[in-house]
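The next block holds one structure in the form of structure tokens; read it before the comments.
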Amino acid sequence: QLVASGHRVRLATHVDYRKDVAAAGLEYYPLAGDPKTLSMWMVKAGGRLIPSTSEEIAVVPAKMKMLREIIWSTWPACSAPDPEDVSQRDFVADAIISNPPVYGHFHVAEALRVPLHMMFPQPWCPTKAFPHPLSNELMTRGWSHRNRISYRVVDEVQWMGLGPVINEFRKSLSLDPIRFGEAGWNLL
């Protein structure tokens, strides 16, 4: 619908999906990261954010490396031509539609001074109806304050791990770092 309305649309996602994006008639940009590895890690961790086995702890450095690469790939995804398509003209986003686990979206939107629209098929906004998908809380608990609190807990835990990476990324975009106590976990 965006294309039909005259907008130039680019879909930035993992290289595994390049052909699907092209088949849909959209421009493409390769985000870093391997979706199969990301999914495997989530399955092995049972959806838990905090590692609880020696195997899960052992892959934390690889996870952090991949997340860093994904975050850093969000800037060129919104501001550079596809490196594998020599015919693609320059690109600068005038709006961003993203999903929460990309993590770089907010900062790129701030640097470009463009709107950010968040879309995701799983709940990611605090609600009492069910817990955050990464909280490892029971989805069958029903309506509770604990469900709502799980969103803040997950956001704060993610910020503890990703805060330094995000601040390094923000500096590369000429943005001020988010200082401790400025609720970097709750920017959205």
Non-hydrogen atoms of His14 and Asp34 that approach each other most closely = ND1-N, 4.3 Å

task = Determine which pairs satisfy ring pair (Phe, Tyr, Trp, His ring centres under 6.0 Å) with at least one residue from residues 40-85, sequence neighbours left out, and list them in order.
result = Trp72-Phe169

key: Arg152 side chain near Pro126 side chain, heavy-atom distance below 4.5 Å   = no

request  = Enter the distance from Arg148:CZ to Cys125:SG here, rounded to the nearest 0.5 Å.
outcome  = 9.5 Å

remark   = Contacts of Arg18 meeting side-chain contact (heavy atoms from CB on, under 4.5 Å) (sequence neighbours excluded), chain-then-number -> Tyr28, Pro30, Asp82, Glu84

query = Listed by chain and number, what are the salt bridge (charged side-chain N to carboxylate O under 4.0 Å, His left out) partners of Lys63, not counting sequence neighbours?
reply = none

query = Can you name the residues that form a side-chain contact (heavy atoms from CB on, under 4.5 Å) with Ser73, not counting sequence neighbours?
reply = Leu31, Ala32

note = Sequence neighbours excluded, the answer for salt bridge (charged side-chain N to carboxylate O under 4.0 Å, His left out) partners of Lys44 is Glu55

inquiry  = My understanding is that a hydrophobic cluster links ILVMFWY residues whose side chain heavy atoms are under 4.5 Å apart, including indirect links. Using that, what else belongs to the cluster containing Ile57?
reply    = none

key: Nearest atoms (heavy-atom pairs only) where His105 meets Pro100   = NE2-O, 3.3 Å

message = Suppose we screen for side chain to side chain donor-acceptor pair (under 3.5 Å). Which residues come up paired with Lys36, at least two apart in sequence or across chains?
response = Asp16

request  = Search all heavy atoms of Glu56 against all heavy atoms of Pro51 and return the closest pair with its distance.
outcome  = OE1-CA, 3.3 Å

ask   = Got a sec, which hydrophobics cluster with Tyr17, joining ILVMFWY side chains under 4.5 Å apart, including via others?
value = none

Euclidean distance, Met119 CE relative to Ser98 OG, rounded to 0.5 Å = 10.5 Å

ask   = Under the side-chain contact (heavy atoms from CB on, under 4.5 Å) test, which residues partner Arg8, sequence neighbours left out?
value = Glu27, Gln88, Arg89, Phe91

key: Reported CG-to-NE2 distance for the pair Asn167 and His107, which is rounded to 0.5 angstrom   = 8.0 Å

Side chain to side chain, Val165 and Leu67, heavy atoms closer than 4.5 Å = no

message = I need the Leu134 CG to Tyr151 OH distance, nearest 0.5 Å.
response = 10.0 Å

query = With Asp94, which residues qualify under side chain to side chain donor-acceptor pair (under 3.5 Å), at least two apart?
reply = none

request  = Could you list the residues that satisfy salt bridge (charged side-chain N to carboxylate O under 4.0 Å, His left out) with Asp20, not counting sequence neighbours?
outcome  = none

key: Check: Ile149 and Arg146 side chains under 4.5 Å, non-hydrogen atoms   = no

inquiry  = Rounded to the nearest 0.5 Å, what separates atom CD in Glu168 from atom CZ in Arg68?
reply    = 4.0 Å

message = Tell me whether the count of non-hydrogen atoms from other residues, nucleotides or ligands lying under 6.0 Å of NE2 in His117 goes above 12.
response = yes

query = Between Phe106 and Met118, is any pair of side-chain heavy atoms under 4.5 Å apart?
reply = no

message = Rounded at 0.5 Å granularity, tell me how far CZ in Phe130 sits from OG in Ser144.
response = 11.5 Å

Distance-minimising heavy-atom pair for Cys78 and Ile96 = SG-CD1, 3.8 Å

inquiry  = To check you understand the geometry: which heavy-atom pair defines the closest contact between Leu162 and Met64, and what is its length?
reply    = CD2-CE, 3.8 Å

task = Only counting residues at least two apart or in another chain, list the ones meeting side-chain contact (heavy atoms from CB on, under 4.5 Å) with Leu2.
result = His7, Val9, Ile97

task = Indicate the atoms forming the closest heavy-atom contact of Asn147 with Pro131, along with that distance.
result = OD1-CD, 3.4 Å

